[in-house]
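Every chain is numbered from 1 and lettered A, B, ... according to where its sequence line falls, protein lines coming before strand lines. Bear in mind that the values here come from a model prediction, so they are computed numbers and not experimental data.
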Amino acid sequence: MQSLKEIVPAASNNINTKFIVLEKGRIALEGKQKMCLALVADETAAVHFQMWGDECDAFETGDIIRLENSIFSYNRNNLLLRAGKRGKAEKVGEFTMAFVETPNMSEIRWVPDPSNSKIYVPEAVISPCSRVFPPMH
Amino acid sequence: MVDVLAIGFDELLVALLRQCLNGDFSEGNLWLCLEMVTLFLTYWDCLLDEEPLVLTKALYVFLRLLADHCRVSSNVVIYALKRMEVEFCVRLLRERFSLCLNIGRDLIRLLQDLVHVPEFKGILKDFLLNPKQFRADGFGDISQVYRTKTPSLYFLLRITPEMETQLRFLLTRVKFGSQKRYQIWFAKKFLKVPERETVLTDIVKFICCSVGITQSDILPRWAVIGWLLKSCKKSYVEANLKLALFYDWLFFDENTDNVMNIEPAILLMVNSIPKYMEVTHTLLEFLLIVVDNYDIERKEIIIKGVSRALSTLVKKGVIGSLDVLIRCDIISKILREMLGKLVIGHAG
C-alpha cells in the first residue's frame, strides 16, 4: 500500500492506495460512459481521482476507498488517478480518516528523469492545493 | 434470549435501545421502538429481578423518544407506540422510583420536556408537592435528584455507535481549522432530515460528559458545540440544547461534579468574543434566565450551583478570570451586572 505522496505518474497499473473522497465534481457523459472528477486525499497528500461508470454514483464525499492496481497518468493534459480497466476501487469505510490538501499530486509538474527517461520526477509545484476544488475553511 | 437469561442479554438490549433513533419517523425505526417497548413491558418482572438497571436505561431512552413522538401529529402507529411508551415510563416512575433515581438529575430535565403530557405533569407535580408518595427510601425532595450527577452511560444511549465513532474521531484526530468537511459529512449523514435535529441535544450531553479533554491542536469540544448550536433551526431544539449544555452548572458541586462537564460552555462563551458575540450573548442570557426561572422554589440551590461552577472554572484554571465576561464592554451591562451578582452567590 502506497501513501498518496509516494505516487508517481507512470503508464502501468501499479498503484495500491487508500484515501477519503473530499469533493465530487459534476457527473458528465463521455460517449456513453459516465465520468466524474473528484478530490481525494490521505494523511500525506491529495490528488484528483477520475471516477468512471458506476463509480460515479457508488462513491460519495466522506467515503474511504481502497484502490488496487490503479494508474496515475495523464488524460488530456490532466494528471489523474483512476482505477483503469484492470484496477479496482472499493469502499472500505467512512469519515474516520485524516487528510491534508497540500501537496496535491495532480498539481505538480513532472518531467522525465534525466538519467532514466522512463521515470518521472517532480519539477515544480503548479499549485499547492487543487485549483479545481479549492480548500474549505 | 431474555426467556433463558442468556449471558449478555442486557448488553444486547442496550445495543438495540441505542438503535431506536430520535426524530426518525420511518416505518423501520417506529417498528423497532414498538418491539422494544413491548419487550420491556412483557418481561417487566423478569428484568426487574435480573437486570433492573436495564429498565432505567430503557426509561431514559423512552422518555427521550416520547419527546419526539408527542410532538408530531399522531397517526395510528405513533399513537399506539406513544401509549405504550407512556405506560412503561409511568409504571417505572410510579412503582420503582428508587430505581429511577439512578439516572440522576437529567431525569428531571427529560420529564420537564414532557410536561405537556398529563401523566408526566402529574408525576412532576407529585415530585414537588407529594414526594412521599413515591415510597423511595430517603427521597424527600426533588433537590436530592438535582444533586445527583447523571452517569455518562445514559448519554451514550442516545448516540448510535456510528455517530459515536465519528464524534470521537472528530475530537481526537481532526485538527482545529480542518473540521469543515467533516462537519458537512456528519450533518449530511445524521442531520439531513429536519426532524433529526432533536438529536443535537443528546450530542451536546455526550460531548460534555462522555468525551475527555482534547489535545491542543485538535478540534476542541467547545467549537463542536458552537457548530451544533448554529445547526439548530427550531427554537425549542435550541432551548433544549442550551439547557443540556448548562444543566450541570445549575447544580454544580465541586465534590461530586466534574469540571470537565461544565468546561465547554464557558469556553464557548469566552472564545466567541468578539467574533461571534451573538453566541456569547445568547448563552449568557439563557443561563441568567434559567437561574431565575428554572425552579423558583429552589432558586437558592441553583444560584449556589452556578456560583460554584463559575468559581471552580477559575480555580481549576479553565479561564484565568471572570473579568473576560464581567469587564467585556461589548456584553450588555445588565447581563454583566447579573453575572457579577451570581459570582458572589446572590440572586440576579
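Sparse packing is recorded around CG of A:Asp54, with 12 or fewer heavy atoms of other residues, nucleotides or ligands lying under 6.0 Å away. For B:Phe246, the CZ atom is densely surrounded, since the number of other residues' heavy atoms within 6.0 Å is greater than 12. Counting heavy atoms of neighbouring residues, nucleotides and ligands inside a 6.0 Å radius, atom NZ of B:Lys234 exceeds 12 of them. The environment of NZ in A:Lys5 is sparse: at most 12 heavy-atom neighbours from other residues, nucleotides or ligands sit within 6.0 Å. In the displayed structure, B:Arg173 atom CZ is contacted under 6.0 Å by at most 12 heavy atoms of other residues, nucleotides or ligands. No more than 12 heavy atoms of other residues, nucleotides or ligands shown are found within 6.0 angstrom of OH on B:Tyr276.
Atom CE of residue A:Met136 and atom CD of residue B:Gln183 lie 11.0 Å apart, to the nearest 0.5 angstrom. The distance from atom CZ of B:Phe186 to atom CD of A:Glu94, rounded to the nearest 0.5 Å, is 12.0 Å.
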(request) Apply side chain to side chain contact (heavy atoms under 4.5 Å, CB included) to the pair A:Ile20 and B:Arg181, showing each step before the final yes or no. (result) CA-CA 11 Å; A:Ile20 185 160; B:Arg181 291 190 196 277; over 6 Å; no

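B:Trp185 and A:Phe99 have tilted rings, their planes meeting at an angle from 30° to 60° on a 0 to 90° scale.
The two residues B:Leu170 and A:Phe95 come nearest to each other via the heavy atoms CD1-CZ, 4.1 Å.
The part of B:Glu162 that comes within reach of chain A is its side chain, from C-beta onward, which places non-hydrogen atoms under 4.5 angstrom from that chain.
By the 4.5 Å heavy-atom criterion applied to side chains, A:Glu60 and B:Lys189 are not counted as neighbours.
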